[in-house]
Structure formats: C-alpha cells, structure tokens
Number of protein chains: 2
Amino acid sequence: MLQYSRDNMAELLRAHDINPTHQRIEIAYALFSRQEHLSADQVMTIVNDRHAETSKATVYNTLNLFLEKGLIREVIVDPSKVFYDPNTGPHHHLYEVDSGQLTDIDADDVRIEGLPALPKGMETVGIDLIVRVKRTA
Amino acid sequence: MLQYSRDNMAELLRAHDINPTHQRIEIAYALFSRQEHLSADQVMTIVNDRHAETSKATVYNTLNLFLEKGLIREVIVDPSKVFYDPNTGPHHHLYEVDSGQLTDIDADDVRIEGLPALPKGMETVGIDLIVRVKRTA
DNA sequence: TCTAGGATTTGGACTCTGTCTAACTCCCGG
DNA sequence: CCGGGAGTTAGACAGAGTCCAAATCCTAGA
Ligand SMILES: [Mn+2]
Ligand SMILES: [Mn+2]
Ligand SMILES: [Zn+2]
Ligand SMILES: [Zn+2]
C-alpha cells in the first residue's frame, strides 16, 4: 500500500471484517496515514479537527473494535494513557520518558534469548520490549 | 536481610534517605514482607486491614516518594493501574492477562541483543521486557 | 519539660481516562 | 417507502491518581 487514502481505508476495514462507516474510516485514516502512536484523545482531536462529527464514545468503541479485529495494537508504556499503534507487525518500542515520544524498533535485528519455559497451560499472547530513555543530564 | 520486620524497614528507609514515619514503615513492610507486585489500592487495603490509619493521599505520596528514592520500581503492564515492585534488581515480568498475575523473570538468564544504538543525547533509563501470557484455550 | 516550626498526613474536591446506557440516527433490504 | 438492525451520541458514571489547605506530628532548642 503505497499511499493511504480514505478509499483504501474502507478496503482495509472490510478485509478485517469491519463494516466501514464514515467515522471508522476517519479514525483508521488518522492512524494509518500518520503511522504514529496515538492516544485516544489525540485520535479524537485529529478526527474532529476541521468539523466535529465523532463522539468520544465512538472513538473508544472504534479503537476497541480495531483492537479486537487485530487491525491495530495497543502499547502500554505510560500509566496515564494507552497508545494505539497501526503497526501490528512484530516490533519493539523506544519510549522517551520526558516527551512521551514513542518510536518503533524493528524486531528483525533484536534477539531475545533465554526466556524461561511458560507455565503449564499457558500460551504467549505477546512479548513487549520497551527501552525507556531520557535526554542525557 | 533474612526476614523483614518493621524495624529493619526503618533502617531500609533511612538508608534511602527517607524519614521513617509510622505510615511509611507500614507501606514499606507491606511491599517488602510480601515481595509481591501490589497496586496502590492493594497497598491501601493491606495497610488499613486491622485498623484504618493511612489515607489514600499518603499511600500515593509514599509510593511516589519510594519511587523517587529508588526504593521500589513501578511496573506498567495494565492500562488501568500501576504495580509497585519491591524488587529493584534487573529482572523482567510475566503477565497473565486474564488474572492480572504478575511474576518475576530473572534477568541473569535472559539475553537481549541487537538493540539499535540510542539516539544522540539519550541515555537508557531502563529496559522493560514483558511476556504476556494467557491460559491456553 | 515546654514550645515553635518544619515535615507529614489528611479528607475531600478535583482531573483525567475510559465505560456504560438509553435514545437517536443511519442505512439497506424488501 | 418503510422497518429494523447496526452504529453513533450525549452525558452520566466509575476508578486511578493528584492537589490543596487545614490538622497533626515530631523534634530541636530554650
Ligand atoms: Mn468527514
Ligand atoms: Mn500501625
Ligand atoms: Zn509501534
Ligand atoms: Zn518484579
């Protein structure tokens, strides 16, 4: 997908079994066209920037729907809010604690070894690696 | 430290430049005697179990003070609440997403390789590795 | 022992993220 | 041109965490 348009957002949604509505397309477009990690609040602001038309409830409903359907991923690094990530491929995160800036780290280059065997009857849902950094004093 | 008592909590606090008050000792004792990952709310419940004497404000003040002074660590795995960890040594976490159960993974056995160089002027604050698991379907 | 003053604690108001609900709107198939 | 299910909405609500000004505690002098 070379460029993100509202039209291919609709296709993307259908491909994930999501009925593409106006609001859902706008929210998907906000995330995918920027390829950034956004909080619900930021999504809300972006989507309602020109003309308010999407409610808080719909933003949350939609983000949770996207999560369920595997269209996006959530990143939990900040105790005060969740970030939503349009990149669902395996990757890790660099978190700048002061600014809140969140950057992807490609998983191809990173090797994690020596993890203990999982407890019986458990399966891995995901492995999150977060490198927390700050500006040097 | 073979066994945790309120007395050696006072020493521990002093060693971290924290004036040991009754409330601070109780809160430290809750965390260190159990060696568990506790939420602020759980700390509050434990500390006030027999006889209510510590306010919510003090629980949060104290946990944040302990964090600042490096006595404890926070673990961010659940979007709805922070866990406080008396183990400040390098280690990772196994998180059981359904129950909320949080377990330590010794860092000695785990190798993380191939992380990219940090951006200029940045230094690492910490590396968090979280293995999210769930009960097999 | 008494006391002033800084440190600590406190209740409760407040903020913020996120959820819930019941009513409303939209849209499509017949 | 309906009827009805899917989607959206405003606003109430819940829970974690912060803030504040007042009350309390504790200790270093006198
Ligand atoms: Mn629009
Ligand atoms: Mn007590
Ligand atoms: Zn990412
Ligand atoms: Zn731990």
Side-chain angles (χ1 to χ4, degrees), chain A residues 6 9-10 13-14 16-31 37-48 51-69 71-85 97 100 102, chain B residues 6 9-10 13-14 16-31 37-48 51-69 71-85 97 100 102:
Chain A
R6 286 172 176 77
M9 283 306 101
L13 294 181
R14 272 185 221 102
H16 283 259
D17 228 344
I18 299 167
N19 191 11
T21 66
H22 185 183
Q23 287 88 337
R24 287 168 181 176
I25 288 168
E26 289 299 324
I27 290 171
Y29 186 67
L31 282 160
H37 307 86
L38 301 176
S39 66
D41 192 65
Q42 288 175 304
V43 168
M44 177 98 178
T45 301
I46 291 168
V47 159
N48 286 327
H51 172 59
E53 64 183 0
T54 307
S55 69
K56 183 173 63 146
T58 296
V59 170
Y60 279 102
N61 286 345
T62 301
L63 289 171
N64 287 328
L65 177 68
F66 287 3
L67 278 181
E68 258 174 55
K69 298 293 189 179
L71 183 62
I72 62 177
R73 180 223 258 232
E74 65 184 339
V75 183
I76 301 168
V77 284
D78 181 317
S80 75
K81 57 178 163 299
V82 170
F83 286 101
Y84 296 90
D85 191 344
V97 292
L102 193 55
Chain B
R6 285 172 177 80
M9 283 306 101
L13 294 181
R14 274 187 218 100
H16 283 260
D17 228 345
I18 298 167
N19 191 12
T21 66
H22 185 183
Q23 288 88 339
R24 287 169 182 173
I25 288 168
E26 289 299 323
I27 290 170
Y29 186 67
L31 283 160
H37 306 87
L38 300 176
S39 66
D41 193 63
Q42 288 175 303
V43 169
M44 177 97 177
T45 301
I46 291 168
V47 159
N48 286 326
H51 170 60
E53 64 184 1
T54 306
S55 69
K56 183 173 64 148
T58 295
V59 170
Y60 280 102
N61 287 345
T62 300
L63 290 170
N64 287 328
L65 177 67
F66 287 3
L67 278 180
E68 259 173 52
K69 299 293 190 178
L71 183 62
I72 61 175
R73 179 220 257 232
E74 63 184 341
V75 183
I76 301 167
V77 285
D78 181 317
S80 76
K81 59 178 162 298
V82 170
F83 286 101
Y84 297 90
D85 190 345
V97 294
L102 192 55

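Throughout, protein chains are lettered first and strands after them, A, B, ... in sequence-line order, and every chain is numbered starting at 1.
The CG atom of B:L38 sits 14 Å away from the P atom of D:dA16 (whole-angstrom rounding). Note: CD1 (A:I25) to P (D:dT8) measures 10 Å, nearest angstrom. Atom C1' of nucleotide D:dA6 and atom CG of A:D17 are separated by 14 Å, given to the nearest angstrom. For the pair A:L63 CG and D:dG7 P, the computed distance is 16 Å after rounding to whole Å. Regarding B:L65, its CG atom lies at a distance of 17 Å from the C1' atom of D:dC19, rounded to whole Å. The distance between atom CD of B:E26 and atom P of C:dT8, rounded to the nearest whole Å, is 17 Å. Going from atom CG of A:D78 over to atom P of D:dG17 covers 12 Å, rounded to whole Å. Atom P of nucleotide D:dT8 and atom CD of A:E53 are separated by 11 Å, given to the nearest angstrom.
For the pair A:V75 and A:V82, the minimum side-chain heavy-atom distance is 4.5 Å or more.
For A:T21, no side-chain nitrogen or oxygen approaches OP1 or OP2 of D:dA6 to under 4.0 Å. The side chain of B:S55 contributes no N or O atom lying less than 4.0 Å from OP1 or OP2 of C:dT9.
Listed by chain and number, the residues in a side chain to side chain contact (heavy atoms under 4.5 Å, CB included) with A:I46 are A:A30, A:R34, A:L38 (sequence neighbours excluded). With sequence neighbours excluded, the residues satisfying side chain to side chain contact (heavy atoms under 4.5 Å, CB included) with B:T21 are B:Q23, B:R24.
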Readout for nucleotides 15-30 of chain C: B = base within 4.0 Å of protein heavy atom, S = sugar-phosphate only, - = neither; 5' to 3' it is --SBBB----------
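A donor atom on one side chain and an acceptor atom on the other are found under 3.5 Å apart for B:S80 and B:D78.
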Give every pair of a protein N or O atom and an N or O atom of nucleotides 23-25 of chain D that lie under 3.5 Å apart, one pair per line with the distance.
none

Quick one: which protein N/O atoms are closer than 3.5 Å to N/O atoms of nucleotides 4-7 of chain C? Pair and distance per line, please.
none

Take A:V47 and A:Y29 through the test side chain to side chain contact (heavy atoms under 4.5 Å, CB included) and record every step on the way to the result.
CA-CA 9 Å; A:V47 159; A:Y29 186 67; over 6 Å; no
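Between B:I76 and A:P79, the closest heavy-atom pair is CD1-CD, 3.6 Å.
For B:D85 (side chain) and B:E74 (main-chain N/O), no donor-acceptor pair under 3.5 Å exists by modelled atom type. With A:H37 contributing its side chain and A:L102 its backbone, the two residues share a donor-acceptor pair below 3.5 Å.
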Under the rule of Watson-Crick or G-U wobble with both distances under 3.5 Å, where | means paired to another strand and [ ] a crossing pair, DNA chain C maps to ||||||||||||||||||||||||||||||
